[in-house]
Amino acid sequence: QDLHSTIATLHSIRELRANDREAAAALCDALLQVGDLQAALPLLEQRIETSTEREDRIRLLELLASTLEEQAQDFDGAFHASARLLDEDPANFGALDRMERIDEQTGNQARLVETLAYRAEVLEGDDRAEVLARIADIVDQRLGDLERAADYYQQALDAAPGNPTVLDALCGVYDRSKRYKDLVVMLKERAKVEEDPSARAELYRRIARTLGARVGNLDAAAEAWER
């Protein structure tokens, strides 16, 4: 009851002093506490637009995004609020986590690829490679685009050269897309980093079979068999 009385008082103050930012902020917070999102959200947007402090805008955008996602169940609104948050704070991983979560929940695979690509841009090394490989898997398995998948796997290799998992995945994509010359190149790279002698021998046998049956280079196939 006290909170509702406070809201009524703040409404009265706002009627008398429409530009009272402190009263508007207090009213917004009180309305959020009682769950009156219809009244609170326009005030919250107003606070964001009129704020002159970057840290304050970041805090308010985080509040907006979380409220839209968790309370209003407005996933599209929460996604775009998170994107605005990234404009203010480009390395805000909380915003990226929310955007990815929303894309997964709503099944927006194309946008999920864009969201993950943004994350990859702010990472380096193995972390970057892991995200790029995840993008490649989505593009391959969910969007059915082998050419783009190969491109993302190649970017992952650029970030983490010699990564066996990425090499295996890229070999699979090249095989299914019938890019056999590229497959041979990647199989050779995979063999270079393979420590198990028997597994390395099997890779060279696969190289030989691909060169002979798919590429038609029998001399190179014979040489690979000898390895």
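Side-chain atoms are counted along with the backbone in the values below, which use heavy atoms only and exclude waters and symmetry mates. Predicted model, so just to flag it, every value in this text is computed and none were measured. Note that the numbering runs from 1 along the sequence shown for the chain.
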For A39 against P42, the heavy-atom pair lying closest together: O-CD, 3.5 Å
- prompt: Yes or no on side-chain contact (heavy atoms from CB on, under 4.5 Å) for L37 and L32, after CA distance, side-chain angles and deciding distance?
  reply: CA-CA 6 Å; L37 301 184; L32 286 172; 3.9 Å; yes
message: Would you compute the distance between atom CD1 of I48 and atom CG of L64 and round it to the nearest 0.5 angstrom?
response: 4.5 Å
message: Let me check something: do F79 and I58 share a hydrophobic cluster, defined by ILVMFWY side-chain heavy atoms less than 4.5 Å apart, either directly or through other members?
response: no
message: Could you tell me if the side chain of Y152 sits less than 4.5 Å from the side chain of Q154, heavy atoms only?
response: no
task: Drop me the distance from C28's SG to Q46's CD, to the nearest 0.5 angstrom.
output: 9.5 Å
- prompt: Are L63 and L10 connected in the hydrophobic side-chain network, where two residues link if heavy atoms are under 4.5 Å apart?
  reply: no
task: State, yes or no, whether a side-chain contact exists between Y153 and D137 at a heavy-atom distance under 4.5 Å.
output: yes
task: Using a 4.5 Å cut-off on heavy atoms from C-beta on, say whether the side chain of T115 contacts that of N108.
output: no
- request: Kindly say whether A24 contributes a backbone atom to a donor-acceptor pair with the side chain of R14 at under 3.5 angstrom?
  value: no
- request: Kindly say whether L167 contributes a backbone atom to a donor-acceptor pair with the side chain of R190 at under 3.5 angstrom?
  value: no
Beyond-backbone contact of D151 with V139, side-chain heavy atoms, under 4.5 angstrom: no
- prompt: Under 3.5 Å, side chain of R128 to main-chain N/O of A120, donor-acceptor pair present?
  reply: yes
When the side chains of residues 181-189 are checked against the rest of the protein, which donor-acceptor pairs come out under 3.5 Å, sequence neighbours left out?
unit_1, atom_1, unit_2, atom_2, d
D182, OD2, R179, NE, 3.0
D182, OD2, R179, NH2, 3.0
E189, OE2, K192, NZ, 3.2

- prompt: Does the side chain of Q155 come within less than 4.5 Å of I135's, by heavy atoms?
  reply: no
task: Go through the steps for L132 and V166 under the test side-chain contact (heavy atoms from CB on, under 4.5 Å), then give the verdict.
output: CA-CA 10 Å; L132 287 166; V166 177; over 6 Å; no
message: What I'd like to find out is whether the side chain of I7 reaches to under 4.5 Å of the side chain of L27, using heavy atoms alone.
response: yes
field: Shared hydrophobic cluster for V215 and Y174 (ILVMFWY, side-chain gaps under 4.5 Å)
entry: yes
task: Give the minimum heavy-atom separation between L203 and E194, together with the two atoms involved.
output: CD1-CB, 4.0 Å
field: Greater than 12 external heavy atoms within 6.0 Å of Q71's CD
entry: yes
message: Just so I know, are the side chains of W225 and I207 near enough to count as touching, which here means a heavy-atom distance under 4.5 Å?
response: no
Residues R101 and E70 bridged, charged N to O under 4.0 Å: no
message: Looking at every non-hydrogen atom in both residues, tell me the closest pair between A156 and A133 and how far apart they are.
response: CB-N, 4.1 Å
message: Would you say CD of E53 has more than 12 non-hydrogen atoms from neighbouring residues, nucleotides or ligands within 6.0 angstrom?
response: no
Which donor-acceptor pairs under 3.5 Å do the side chains of residues 89-100 make with protein atoms, sequence neighbours left out?
unit_1, atom_1, unit_2, atom_2, d
D89, OD2, N92, ND2, 3.3
N92, OD1, G94, N, 3.2
N92, OD1, A95, N, 2.9
D97, OD1, R119, NH2, 2.5
R98, NE, E69, OE1, 3.3
R98, NH1, S82, OG, 3.2
R98, NH2, E62, OE2, 2.6
E100, OE1, R134, NH1, 3.2
E100, OE2, R119, NE, 2.4
E100, OE2, R119, NH2, 2.9

- prompt: Does atom CG of N19 have more than 12 heavy-atom neighbours from other groups under 6.0 Å away?
  reply: no
- prompt: Just wondering, more than 12 heavy atoms not from E124 lying within 6.0 Å of its CD?
  reply: no
task: Answer yes when E202 and R209 have at least one side-chain N-carboxylate O distance shorter than 4.0 Å, and no when they do not.
output: yes
message: If hydrophobic clusters are built by linking Ile, Leu, Val, Met, Phe, Trp and Tyr wherever their side-chain heavy atoms come under 4.5 Å apart, do V122 and L61 end up in the same one?
response: no
- prompt: How close do D127 and L123 get, heavy atom to heavy atom, and via which atoms?
  reply: O-CD1, 3.8 Å
Residue pairs fulfilling side chain to side chain donor-acceptor pair (under 3.5 Å) with at least one residue in residues 27-43, sequence neighbours excluded: D29-R47
message: So, taking the atom named CD in Q109 and the one named CD in E114, what distance separates them when rounded to the nearest 0.5 Å?
response: 12.5 Å
Reported CG-to-CD1 distance for the pair L112 and I138, which is rounded to 0.5 angstrom: 4.0 Å
- request: Tell me, with the steps shown, if R148 and V113 meet side-chain contact (heavy atoms from CB on, under 4.5 Å).
  value: CA-CA 11 Å; R148 285 181 68 204; V113 167; 3.6 Å; yes
query: Mind checking whether R111 and I102 have side chains closer than 4.5 Å, heavy atoms only?
result: yes
query: Does CG belonging to D126 count more than 12 external heavy atoms closer than 6.0 Å?
result: no
Greater than 12 external heavy atoms within 6.0 Å of Q73's CD: yes
message: Taking L146 as the starting point, is it possible to reach Y180 by hopping between hydrophobic residues whose side chains are less than 4.5 Å apart?
response: yes
